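Written out below as structure tokens is the structure these notes cover.
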Amino acid sequence: MGNLTSEITPDQWFRNLFSCKAAVDGGVVRRKVRDMERMVGRQRFYHEIERRGFSAIENGGQVVVFCNGSALRIVVGRCQTLGESLETNPR
């Protein structure tokens with residue numbers, strides 16, 4: 001996106017994220033963590049996901065948002081909660 005991302009506001013970034021077809025249909029959307037941090041910041045992002053009743057996971061520099069109220073269930077793989085993450089990595 002180059003300079004385009006620096007020209008939009010956090011509200012516009014959220015509007016773009018949640019107005020795509022996948023989000024509107026209750027599916028999943030993903031964004032680069034660095035873009036999310038730069039455009040809206042983690043705390044505001046977490047707040048907005050929670051406010052909407054959605055869930056999100058982070059892996060490999062990507063954040064995946066499940067745009068519905070269904071519970072997540074890890075069927076295979078390792079899982080680390082935010083609390084565990086903060087204990088081992090205080091950033």
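All heavy atoms count here, side chains included; hydrogens, waters and symmetry mates do not. Predicted model only: the values in this text are computed from it and were never measured.
Taking CD1 of Ile49 as the start and CZ of Phe66 as the end, the distance is 11.0 Å to the nearest 0.5 Å. Separation of atoms CZ (Arg15) and CD1 (Ile8) is listed at 9.5 Å; rounding is to 0.5 Å. In this structure, Gln12 CD and Met39 CE are separated by 8.0 Å, a value rounded to the nearest 0.5 Å. One distance of note links CD1 of Ile57 with CD of Gln62; it measures 11.0 Å at 0.5 Å rounding.
Shown are Phe45, Phe54, Trp13; of these, the ring-ring contact (aromatic ring centres under 6.0 Å, His included) with Phe18 is made only by Phe54. When each of Glu50, Arg42, Gln43 is tested with Tyr46 by the rule side chain to side chain donor-acceptor pair (under 3.5 Å), just one qualifies, namely Arg42.
Between the side chain of Glu37 and the main chain of Arg34, no donor-acceptor pair closer than 3.5 Å is present.
At a threshold of 4.5 Å between non-hydrogen side-chain atoms, the residues Val64 and Asn59 do not count as touching.
Taking each heavy atom of Gly26 and Asn68 in turn, the nearest pair found is O-ND2, 2.9 Å. Residues Val28 and Ala22 approach most closely at O-CB, 3.4 Å, considering heavy atoms. Contact detail for Ala56 and Val63: the closest heavy-atom pair is CB-CG2, 4.2 Å. For the pair Ser70 and Ser55, the tightest heavy-atom approach, listed with the atom from each and the gap, is O-OG, 4.1 Å. Closest approach of Leu17 to Ala23, counting heavy atoms only: O-CB, 3.7 Å.
Between Arg31 and Glu58 no salt bridge is recorded (no basic side-chain N to carboxylate O distance below 4.0 Å). Note on Glu48 versus Arg44: no salt bridge recorded, every NZ/NE/NH1/NH2 to OD/OE distance being 4.0 Å or above.
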